[in-house]
Visitor: 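There's a structure below that I have some questions on.
So that the names make sense, note that chain A is the first sequence line, chain B the second, and so on, each numbered from 1. Keep in mind it's a predicted model, so treat the numbers as computed, not measured.
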Amino acid sequence: MKIKVIVTLKNGVLDPQGKAIQQTLNGMNFGNVEDVRQGKYFEIEVKEKDEKKAKSLVDDMCKKLLANLVIEDYKIV
Amino acid sequence: MRSSVIIFPGSNCDRDMDVALKKFGFKNQMVWHNDQSIPKSDLIVLPGGFSYGDYLRCGSIASKSKIIKSVIDFANSGGLVLGICNGFQILTETGLLNGILQQNKFLNFICCNVFVKVKDKQNKYFKDLKKDVLELHIAHNEGNYFCSDDELKSLEDNNQIAVTYCGKDGTENEKTNPNGAIKNIAGIFNKNKNVLGMMPHPERMIDKYLSGEDGSLFFKNILDNFK
């Protein structure tokens, strides 16, 4: 089963890459871009048929490795 | 004093550290990350570099390697653990040190000499150090120290801030902050002050003809405090 995870910086944590992307987009005449936050996306193939179990495993992985909870939030989608 | 330098795939300051430690009289050994245990040591060093190519987050993969359990046990039993640059990043990822090193504020790799102010001398690294400001070298892309407000308060209350970026005269302000780190933090301790992580490289400042000797002071001081 494939489980998908999105890791993003928490609100309030400075995202200089997102800022640089936003400024570039603005410079390319996408003037209505007000903010960009960059994140990470994972597709995790888990050998598990039960979706609930698979998601709970991935949740554990997020806490232990995929996200650093000091600055990042994660969402299993 | 016996020391061990841990080598991860992608470490690149391990041999410089080995040279520095031996120069001042440490009996140093190199330890591979896949080893199960660390030889008897009084100091463990996690060197600088780009362990695992900085994949995922700097230091995150190395912080789960086989040898790390022994490093954490050693630290929890009071042993001295020093993490320089990538070593500092690894220590934050293990949870031995608070916070995280984020990408530099202006997205640039910084490679230059800096001055750092020693903020606490009640510890085995800086006790009786003759100087308050050291000239050391930094080379990093992710050195922008960040932690939550609560963690920062606790670091300040327990005097866990070890060194901060400053000017030659010790002034700390935005101008002397190379990477955007909160409170100009360049290095911190754990609560017991046996674990020290810092971005500047003392091992690059051990020769008066090539660089400077403030790194020499740092290593000699650790030895003096051990005696």
Visitor: In terms of heavy-atom pairs under 4.5 Å, which option from Leu65(A), Leu66(A), Leu9(A), Val7(A) contacts chain B the most?
Guide: Leu65(A)
Visitor: With no hydrogens and no angle check, is any side-chain donor or acceptor of Lys121(B) less than 3.5 Å from a backbone partner on Leu129(B)?
Guide: yes
Visitor: Please classify the contact between Leu56(B) and chain A as side chain, backbone, both or neither, with a heavy-atom cut-off of under 4.5 Å.
Guide: both
Visitor: Kindly say whether Asn173(B) contributes a backbone atom to a donor-acceptor pair with the side chain of Tyr165(B) at under 3.5 angstrom?
Guide: no
Visitor: Would you indicate whether Phe109(B), at its atom CZ, is surrounded by more than 12 heavy atoms from other residues, nucleotides or ligands within a distance under 6.0 Å?
Guide: yes
Visitor: Under the salt bridge (Lys or Arg N to Asp or Glu O under 4.0 Å) rule, collect the residues that match up with Asp120(B), sequence neighbours excluded.
Guide: Lys193(B)
Visitor: Take the angle between the ring planes of Phe126(B) and Phe189(B) and call it parallel below 30°, perpendicular above 60°, tilted in between.
Guide: perpendicular
Visitor: Would you say Asn184(B) and Thr176(B) are linked by a side-chain donor-acceptor pair, where the criterion is simply a distance under 3.5 Å?
Guide: yes
Visitor: Taking atom types as modelled, which donor-acceptor pairs link chain B and chain A at under 3.5 angstrom?
Guide:
unit_1    : atom_1 : unit_2   : atom_2 : d
Leu56(B)  : O      : Lys40(A) : NZ     : 2.7
Arg57(B)  : NH1    : Leu65(A) : O      : 3.0
Arg57(B)  : NH1    : Leu66(A) : O      : 3.0
Arg57(B)  : NH2    : Leu65(A) : O      : 2.8
Lys64(B)  : NZ     : Lys64(A) : O      : 3.0
Glu93(B)  : OE2    : Asn68(A) : ND2    : 3.1
Gln103(B) : OE1    : Gln17(A) : NE2    : 3.3

Visitor: At what distance, to the nearest 0.5 angstrom, does NZ of Lys124(B) lie from CG of Leu43(B)?
Guide: 11.5 Å
